[in-house]
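Convention: sequence-line order gives letters A, B, ...; per-chain numbering from 1. The shown structure was predicted, so the numbers you read here are calculated from the model rather than taken from an experiment.
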Protein chains: 4
Amino acid sequence: MAGQGRRGRGTPEERADVIAAAALSEFAEKGFAAARIDDIARRAGISKGTVYLYFDSKELLFEEVIRRYIVPRIERATGAGEGKSLTAEATLRIIIRQFYREIVGSDLRYIMRLLIAEGGRFPHLLRFYHAEVISRGMKAVTETLRRGVDSGEFRSSAIVEFPHVIAAPAVLAMLWKLLFDDFQPLDLERLAEAHTDIILNGLRSRREDVQPGAGA
Amino acid sequence: MAGQGRRGRGTPEERADVIAAAALSEFAEKGFAAARIDDIARRAGISKGTVYLYFDSKELLFEEVIRRYIVPRIERATGAGEGKSLTAEATLRIIIRQFYREIVGSDLRYIMRLLIAEGGRFPHLLRFYHAEVISRGMKAVTETLRRGVDSGEFRSSAIVEFPHVIAAPAVLAMLWKLLFDDFQPLDLERLAEAHTDIILNGLRSRREDVQPGAGA
Amino acid sequence: MAGQGRRGRGTPEERADVIAAAALSEFAEKGFAAARIDDIARRAGISKGTVYLYFDSKELLFEEVIRRYIVPRIERATGAGEGKSLTAEATLRIIIRQFYREIVGSDLRYIMRLLIAEGGRFPHLLRFYHAEVISRGMKAVTETLRRGVDSGEFRSSAIVEFPHVIAAPAVLAMLWKLLFDDFQPLDLERLAEAHTDIILNGLRSRREDVQPGAGA
Amino acid sequence: MAGQGRRGRGTPEERADVIAAAALSEFAEKGFAAARIDDIARRAGISKGTVYLYFDSKELLFEEVIRRYIVPRIERATGAGEGKSLTAEATLRIIIRQFYREIVGSDLRYIMRLLIAEGGRFPHLLRFYHAEVISRGMKAVTETLRRGVDSGEFRSSAIVEFPHVIAAPAVLAMLWKLLFDDFQPLDLERLAEAHTDIILNGLRSRREDVQPGAGA
DNA sequence: AATGAATGAGACTTCATTCAT
DNA sequence: AATGAATGAAGTCTCATTCAT
C-alpha cells in the first residue's frame, strides 16, 4: 500500500526536508565554504551521494535551504496585528514583540548570519530575502506609523520613511546574541522593553512639537 | 641612501601594511575560506611566498588584519565629544554623527561583516572587538545618558542600561549598506536625522512621565 | 556475484595491500621525504585522493607500511629450528641459514634501510622493530648458545651475552647488497659458508681453553 | 696586514669548513631532504645566501661534506699496525680495536647512516666510499689474514676471501648504537672483547682441522 | 663578499562531484 | 533510489635558489 515514491524513511519530499534541515545546521555552524557535504549527509542519516539526488550542487543546496527556511517564518511573522482594530501604538507593540519572539530569539538568526556572511556570493538570495521579508515587514510598520500619525497618536516625522529605525534595536540584539553574548549576556526581555519604551516615547505626539534640527 | 632594510616598495612595515590591506579586501569580498592567498599576494603586487614572510599562516593573517584595522578606528572614534562642556543631548548628537561617519560610512563595515561571518572560528577576535570597541563605545554612551538624566535633560528609564538601543539604527544602516543597498538604496544623511530625532525625542523629559513595561 | 564491498580491483583490504606495496617500493627507493604520494598512487594504479581513503597521512602510511611488512616476516623467521631435537650447532646452522634466506636475500633489507634512514623521525617504529624482531631473534640465538655451552658443545665465553656477534656477518651482507653490490658483488652463498665456518669454529670447545680479554 | 681573501671570521677555506661542519650536523640529524639550508646557515653563523657562495647547490654541498669528512678518517684508521713486525693475530687485534675507536665510537657513524640512507641518490658517493674506505680496509685485513695463514697462525679457510666477516660485529655495533641503544644499550668495550675472542678463536689453527660442510 | 628578502615550483591534503554497483 | 569508493582540481604552505643592495 506504500505509494510509488516511498522507500525506507519517508517520501521524497520528506527526504529532501531532512537533508535541508541538516544542511541548514551545518551551514549555520560553519558557513558555506567550511560546511562539508559529507557532514550534511551524515547528519541527515544518508550517504553523500544521496544528497546529489535531491540537490544538484552545494550552491543550489545552500540557496534552496535559505529559501525554504525563510518563507515559513514570514507567514508567521507578518500579519501579526492584522485585522484587529487596535491603536497604532498597540499594533506596534505587537509587531515588535513578535519580532523578538520569531526572529531574534529563534534560530532564524543563524539564517540572518548566513545571509550577512555569504550574501555577497548569493545576490539572488539577498534580493529574495529583501523582497519577501524585509519589504513586507517594512510595509507593515510604515502603514502602522502612518495610521498613528493620521489619528494624531504619533507626531509627524521623517521616521515614517525610515521604518528601519523602529526595528533596529531588535536586529542589533540578534547580532549581539550571535557575537558577544558569551562575553556580556543580553537580557532580551528587558532590552525589548527599553526598546519599546524609547521608540514609542519618541513617536508620541506632545503638546509642544519639537523641531529636530540635526545640524552641527 | 635611505636607512637600512629598504628594498623594492618600502620598508618591511610598509610591506606588511600593503599585504594586510590586500588581505582585508580579499577577506571582505570572499570571506575567510574562499579568499585565496594567491589572490591576496597578486593584489599586493608580490608573490605567494612573500606573504608567508610577513604572516605565518592564513589564520594568523586574518586575525592580524582584523586587529590592525580595528585599533586605529578606536583612537579616532573614541574621545568624540570629550572634554567639551556640552549638554548631554549635544554630546549624544556628536557621538551619533561620529558613529555614522567613522563606522557606517567607512570600510569598517567590512570588518564587521567579517566578524559576523567568521566570528565563530575566531572567538579571540570577537572578544578583542568587544573589549576594545564595543565596551568602550557603550561606556561613552552610558555616561552621557547618565549625565543627561542627572541634569534633568533626559527622563529616567531603563535605556541607561541598554545603550545598545541608541546605536542600533546606525548598526542597522551598516548592515543595510552591506546587504540591500543595491535593491533599495538608503539615504544615510536623512536616516541619521530620523534616528537622532526619534531617539532624542524618546529620551527627553516631559511633563507626564510615561509608564513603560507594556510587556507580555 | 562476489560478496559485498567489491569494486574495480578487489576488496578494500586487497586495495590497501596494493597501496602499501606501492608505498614500500617508493619509500625504499627514495626515502620518506623524497617519496611522493602521487607516485605511490600512480604505482598502485589509483589516484592521489584514493591513497587518503586508506591511510590518513603520509606519515601514517609510512608507519603502517613498515609494520605491515615486518610482522609476517617474524612469523616465518622465528621458530626456525624449534621443536626439533638437534645439537646446538645444527640449530645455529639452521638459524643462520634462515637468516640469510629470509632477511638478507629478501626485500626486508629495504625495510632495514628505511629504519636506518628514517628511524630518527619514527622512534616508535624502531621500538616496535626492536621488540618484535630483534629481541625475539636474539633470544632464540642466546638460548641455543646456552644449550651448547651446557652440553659441552660450545666453550663458555662472553659471546652468550652478545648474540649480536653471531648475526653480524649477515647484517653486514645485507648492507653490502644495498650499498656496494654494484661495484663489488658479494657471493651470498659462499659468504654464508665462511660466516658459519668461522663462527662455529670460534664457538666450539677445544682442549686448551683460550684466555680472552686482549683489551686496551 | 690582513691578506687578500680575509674578512670577518677567517679565510675562505675556514669559512667553507665551518659551513661543511654545520651541514654535516644537519644532514646527520635530519637526512638530506629534511635538512634545511637555512638551518645550516644559522648553525654556521652566516646567512643563507652565503652558503651559495661556497657551494653551488644543496646536492653538491652534501657530496662535498661527505667526502670532506671521510678522507681524514681514512688516513688515521688505515696504517694502524703498519710497518711493525707483529704476529698476524696481534695485528688483527689492533685493527679491530682501531675500528671500534675510530668508527663505531666516533661521529663517523652518522656519515655511515647518511650513506646508507641517501646512497641510492648519490651513487658516486657510494663508489667513492667503497674505493677509498672499504677497499683499503679490506685489503689490509686480507693481507693480515694471508700472512697468518702463511705463517701457520691461522687455519686456511674461505674467510680470506671474506674479510667482511672480520669487521662485521663492529659494523653491527655501529648500527645498534644508531638504532636501538635507547631501548637496549650496548656495552661497546665488552662487545669488542667478545668479538675479538670469537673471531680469533675461529681463525686459529687447531690440531684436528674441521671440515666446514654448510650443508642442510 | 655578504646579506636576506623575494620568488615560485612543488608537495601534502581536502572535498565537491561522479559513477559503477 | 541509494551507496560510498574513486577522482582530481584546488588550496595552503615550504624551501632551494636568486639577486638587488
> With distance as the sole test, does A:Glu26 use its side chain to make a donor-acceptor pair with the main-chain N or O of A:Ile40 at under 3.5 Å?
Replying inline: no

>> Looking at B:Ala35, is its backbone amide N or carbonyl O close enough to the side chain of B:Lys58 to form a donor-acceptor pair, meaning the two atoms are under 3.5 Å apart?
In response: yes

> Are any of the side-chain heavy atoms of A:Phe27 and A:Leu61 separated by less than 4.5 Å?
Replying inline: yes

> Is there a side-chain contact between B:Ile116 and B:Met112, using heavy atoms and a 4.5 Å cut-off?
Replying inline: yes

>> Less than 6.0 angstrom from the centroid, inside 45 degrees of the normal: does B:Arg67 satisfy that with respect to the ring of B:Phe128?
In response: yes

Which part of the nucleic acid, if any, lies within reach of [X] when heavy atoms closer than 4.0 Å are counted: base, sugar-phosphate only, or nothing?
{"X": "B:Ala35", "value": "sugar-phosphate"}
{"X": "B:Tyr54", "value": "sugar-phosphate"}
{"X": "D:Ala41", "value": "nothing"}

Rounded to the nearest Å, what distance is computed from the [atom1] atom of residue [X] to the [atom2] atom of nucleotide [N]?
{"X": "C:Ile19", "N": "F:dA6", "atom1": "CD1", "atom2": "C1'", "answer": "11 Å"}
{"X": "B:Leu61", "N": "F:dC13", "atom1": "CG", "atom2": "C1'", "answer": "13 Å"}
{"X": "C:Ile40", "N": "E:dA11", "atom1": "CD1", "atom2": "P", "answer": "12 Å"}
{"X": "B:Ile46", "N": "E:dT7", "atom1": "CD1", "atom2": "P", "answer": "7 Å"}
{"X": "C:Asp38", "N": "F:dG8", "atom1": "CG", "atom2": "C1'", "answer": "10 Å"}
{"X": "B:Phe55", "N": "F:dC13", "atom1": "CZ", "atom2": "P", "answer": "14 Å"}
{"X": "C:Asp56", "N": "E:dT14", "atom1": "CG", "atom2": "P", "answer": "8 Å"}
{"X": "A:Arg42", "N": "E:dC15", "atom1": "CZ", "atom2": "C1'", "answer": "12 Å"}

>> Less than 4.0 angstrom from a charged side-chain N to a carboxylate O is my criterion; do A:Arg68 and A:Glu63 meet it?
In response: no

> Does F:dG11 have a Watson-Crick or wobble mate here (both distances under 3.5 Å), and if so which one?
Replying inline: E:dC12

> With both distances kept under 3.5 Å, what pairs with F:dA2, Watson-Crick or G-U wobble?
Replying inline: E:dT21

> Of C:Gly49 and B:Lys58, whose closest DNA chain F nucleotide lies nearer the 5' terminus?
Replying inline: C:Gly49

> Taking for each residue the nucleotide of DNA chain F with the nearest heavy atom, is it A:Ser47 or D:Arg36 whose nucleotide lies nearer the 5' end?
Replying inline: A:Ser47

OP1 or OP2 of [N] sitting under 4.0 Å from any side-chain N/O of [X]?
{"X": "D:Arg15", "N": "E:dA2", "value": "yes"}
{"X": "C:Tyr52", "N": "F:dA6", "value": "no"}
{"X": "B:Thr50", "N": "E:dA6", "value": "no"}

What's the closest nucleotide to the [X] side chain, out of [options]?
{"X": "D:Leu53", "options": "E:dA2, E:dT7, F:dT12", "value": "E:dA2"}
{"X": "A:Lys48", "options": "F:dA6, E:dC12, E:dC15", "value": "F:dA6"}
{"X": "D:Ile37", "options": "E:dT13, E:dT17, F:dT17", "value": "F:dT17"}

